[in-house]
Engineer: 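Pasting in a structure now, in structure tokens, and then I'll have a few things to ask.
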Amino acid sequence: MVLAELGGRISRALQQMSNATLIDEKVLAECLNEISRALLQADVQFKMVMNMQNNIKKIVNLDDLAAGHNKRKIIQQAVFNELCNMLDPGKAAFVPKKGKPNVIMFVGLQGSGKTTTCTKYAYHYQKKGWKPALVCADTFRAGAFDQLKQNATKAKIPFYGSYTETDPVKIAQEGVDTFKKENCDLIIVDTSGRHKQEASLFEEMRQVAEVSNPDLVIFVMDSSIGQAAFDQAQAFKQSVAVGAVIVTKMDGHAKGGGALSAVAATKSPVIFIGTGEHMDEFEAFETKPFVSRLLG
Ligand code: GDP
């Protein structure tokens, strides 16, 4: 089920509840069950869906609501708030400070859109007058450096990498040092992905983080990853101090549920979403407008 469909289904469930002449336990339960089914089919984790149900039931205690209360409004607001809460870990992500050498490290599985997103992120800040730079600490995937180099050249962003050096830790250290000396204020370190959550990938990531000393680690996640999102995000969080999430490929057949799970697993907010392959197909993420748009 794609994201727009999820929103449509939740809206319809709320509408149906609203149309009932009397909102009793049964009508509320039917509405919440339909919303839960929609979320589960959009790959939101079962536990999160159950939590949401319980929270709403607690808020909307029909017996306690005096006759004068507008039950429909209260239920609608509770659903809206719960969806926002699922996307809001309660703490903001690190915000880069202009004029300082902010180091931002990107992690994620191969194919998640990490390298593309590094450039999008750099380009986003460059347009606002920042001085970004890209470091390719991915020596595992053949062609990773070429890809980063191509993207960076197109956007006129300085880059650092090597065709011969095989140690990503060394490259990360040299790259970050170089750009600090050049007074870049946003030094972005792209790391290796791999297909699976292998122990060696996590060890390498830990070492790259140690020498780069990032102000922020961003976990990049493909929105179509589905139910695997929670475990995947959690595995990354356990290895490095993930502080923000970027969800890619929100165009096309994004289910969106994975984003909710990634927030829960990393206890970090989504800061941007990728909406296409091009450099400027990238949007700052804001929870309330996103949920409003979702519900139409
Ligand atoms: P990496 O292995 O994680 O570094 O992934 P890449 O950056 O190489 O991206 C993998 C593929 O996903 C490429 O074909 C990208 O063009 C594509 N991609 C990345 N972000 C997006 C996005 O937001 N939307 C779409 N449609 N494609 C994307």
Side-chain angles (χ1 to χ4, degrees), residues 2-4 43 104-125 127 132-155 157 159-163 168 171-172 175 188-198 200-202 204-205 208-209 212 214 217-226 228-229 232-233 235-237 239-240 242 244-260 262 266 270-286 290 293-294:
V2 299
L3 196 56
D43 286 333
I104 316 289
M105 178 173 159
F106 277 66
V107 301
L109 287 192
Q110 190 168 318
S112 59
K114 199 164 28 61
T115 304
T116 310
T117 305
C118 282
T119 322
K120 285 179 171 180
Y121 182 82
Y123 183 63
H124 171 87
Y125 279 97
K127 278 192 297 188
L134 291 159
V135 179
C136 177
D138 180 0
T139 53
F140 185 78
R141 180 163 66 95
F145 180 42
D146 269 331
Q147 188 190 345
L148 181 129
K149 195 169 144 181
Q150 246 177 33
N151 291 346
T153 308
K154 214 154 97 188
I157 295 164
F159 58 90
Y160 187 91
S162 169
Y163 287 111
I171 296 180
I188 297 157
V189 183
D190 188 11
T191 59
S192 165
R194 325 280 166 91
H195 287 294
K196 289 196 301 259
Q197 297 146 222
E198 302 158 35
S200 55
L201 163 66
F202 290 137
E204 182 181 306
M205 239 166 44
V208 170
S212 314
V217 177
I218 299 179
F219 173 62
V220 178
M221 194 197 79
D222 181 335
S223 63
S224 61
I225 197 81
Q232 194 192 103
F236 275 88
K237 172 81 176 184
S239 290
V240 282
V242 171
V245 177
I246 295 181
V247 186
T248 62
K249 309 182 194 180
M250 288 293 271
D251 48 313
H253 297 289
K255 286 191 178 187
L260 299 172
T266 60
V270 178
I271 51 170
F272 288 97
I273 54 172
T275 54
E277 297 197 19
H278 296 290
M279 199 111 66
D280 52 4
E281 288 172 319
F282 193 60
E283 292 172 22
F285 182 85
E286 285 173 279
F290 177 81
R293 215 164 54 185
L294 183 72

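Since the structure is predicted, the reported quantities are computational estimates derived from the model, not experimental observations. Side chains are part of it too, since the values below use all heavy atoms of this structure and drop only hydrogens, waters and symmetry mates. Along the sequence shown, the residues carry numbers beginning at 1. Just so you know, ligand 1 is whichever comes first in the structure, and atom 1 is the first atom listed for that ligand.
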Engineer: Provide the number and element of each atom of ligand 1 under 4.0 Å from a heavy atom of Gly274.
Structural biologist: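 By the 4.0 Å cutoff, the relevant atoms are 23 (O).
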Engineer: Can you list the residues that meet the side-chain contact (heavy atoms from CB on, under 4.5 Å) rule with Ala244, with sequence neighbours excluded?
Structural biologist: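 Applying side-chain contact (heavy atoms from CB on, under 4.5 Å) to Ala244 gives Ala93, Leu216, Ile218, Ile271.
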Engineer: Under a 3.5 Å distance rule, please check whether Ser223 uses its side chain to pair with a backbone N or O of Thr248 as donor and acceptor.
Structural biologist: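 Checked: pair present.
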Engineer: Which is it for Thr275 and ligand 1 at heavy atoms under 4.0 Å: side chain, backbone, both or neither?
Structural biologist: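 The part of Thr275 near ligand 1 is the backbone, not the side chain.
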Engineer: Indicate, as side chain, backbone, both or neither, the part of Arg141 found under 4.0 angstrom from ligand 1 when only non-hydrogen atoms are considered.
Structural biologist: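 For Arg141, only side-chain atoms sit under 4.0 Å from ligand 1.
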Engineer: Looking only at protein heavy atoms, identify the closest one to atom 7 (O) of ligand 1 and say how far it is in Å.
Structural biologist: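 Answer, as residue, atom name and distance: Thr116 OG1, 2.5 Å.
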Engineer: Would you kindly say whether Asp146 and Tyr163 are connected by a side-chain donor-acceptor distance under 3.5 Å?
Structural biologist: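 Yes.
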Engineer: Nearest heavy atom to atom 14 (O) of ligand 1 wins, so pick from Glu277, Lys120, Glu283.
Structural biologist: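 It is Glu277 that holds the nearest heavy atom.
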Engineer: Just to confirm my output: which protein heavy-atom neighbour is closest to atom 11 (C) of ligand 1, and how far is it?
Structural biologist: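 Protein heavy atom at minimum distance: Lys249 NZ, 4.1 Å.
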Engineer: Given that the side chain starts at C-beta and the backbone is N, CA, C, O, which of these parts of Leu109 lies under 4.0 Å from ligand 1, counting heavy atoms, or is it both or neither?
Structural biologist: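 The answer is the backbone.
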Engineer: Angle class for the Phe282/Phe272 ring planes (parallel below 30°, perpendicular above 60°, tilted otherwise)?
Structural biologist: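 Parallel: the ring planes of Phe282 and Phe272 meet at under 30°.
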Engineer: As a check for students: among Gly193, Cys118, Gly111, identify the option with a heavy atom nearest to atom 2 (O) of ligand 1.
Structural biologist: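 Looking at heavy atoms only, Gly111 sits closest to atom 2 (O) of ligand 1.
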Engineer: Quick check on Gly108 - does any of its heavy atoms sit under 4.0 Å from an atom of ligand 1?
Structural biologist: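 So Gly108 does not count as touching ligand 1.
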Engineer: Within the 4.0 Å heavy-atom shell around Gln147, which atoms of ligand 1 are there?
Structural biologist: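 Heavy-atom distances to Gln147 below 4.0 Å select 6 (P), 7 (O), 8 (O).
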Engineer: Side-chain donor-acceptor pair under 3.5 Å between Asp222 and Ser112, yes or no?
Structural biologist: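 Note: Asp222 and Ser112 side chains miss the donor-acceptor criterion.
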Engineer: I'd like to check the side-chain contact (heavy atoms from CB on, under 4.5 Å) partners of Thr116; sequence neighbours left out, ordered by chain and number.
Structural biologist: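 Thr116: side-chain contact (heavy atoms from CB on, under 4.5 Å) contacts with Lys120, Gln147.
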Engineer: What I want to know is whether Gln110 and ligand 1 share at least one N or O pair that is separated by under 3.5 angstrom.
Structural biologist: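 No, since none of the N or O atoms of Gln110 sits under 3.5 Å from an N or O of ligand 1.
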Engineer: Nearest heavy-atom pair of Asp138 and Ala144: which atoms, and what distance?
Structural biologist: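 Smallest interatomic distance, heavy atoms only, reads OD2-CB, 3.4 Å.
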Engineer: Please confirm whether Lys114 comes within less than 3.5 Å of ligand 1 when only nitrogen or oxygen atoms on both sides are compared.
Structural biologist: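 By distance alone, the answer is yes.
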Engineer: Considering only heavy atoms, does Asp251 approach ligand 1 within less than 4.0 Å through its side chain, its backbone, both, or neither?
Structural biologist: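 Looking at Asp251 and ligand 1, just side chain atoms fall under 4.0 Å.
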Engineer: Of Val220, Val245, Leu201, which is the lone residue that meets side-chain contact (heavy atoms from CB on, under 4.5 Å) with Phe236?
Structural biologist: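 When Val220, Val245, Leu201 are each tested with Phe236, the side-chain contact (heavy atoms from CB on, under 4.5 Å) holds only for Leu201.
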Engineer: Keeping Lys114 on the side-chain end and Asp190 on the backbone end, is there a donor-acceptor pair under 3.5 Å?
Structural biologist: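 The answer is no, because no donor-acceptor pair under 3.5 Å joins these two groups.
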Engineer: Do Phe219 and Phe106 have their ring centres less than 6.0 Å from each other?
Structural biologist: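 No, ring centres 6.0 Å or more apart.
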Engineer: For ligand 1, indicate whether the residue Glu281 contacts it via side chain, backbone, both or neither (heavy-atom separation under 4.0 Å).
Structural biologist: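 Contact part for Glu281 vs ligand 1: neither.
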Engineer: Which of the atoms in ligand 1, numbered in the order shown and given with their element, are less than 4.0 Å from a heavy-atom of Gly113?
Structural biologist: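 Those of ligand 1 that fall under 4.0 Å from Gly113 are 1 (P), 3 (O), 5 (O), 6 (P), 7 (O), 9 (O), 19 (C).
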Engineer: Considering the heavy atoms of Ser112, write down every atom of ligand 1 situated less than 4.0 Å from one of them.
Structural biologist: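 Numbered from 1, ligand 1 contributes 3 (O).
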Engineer: For atom 21 (C) of ligand 1, what's the nearest protein heavy atom and its distance?
Structural biologist: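 Residue, atom and distance for the closest contact: Gly276 O, 3.5 Å.
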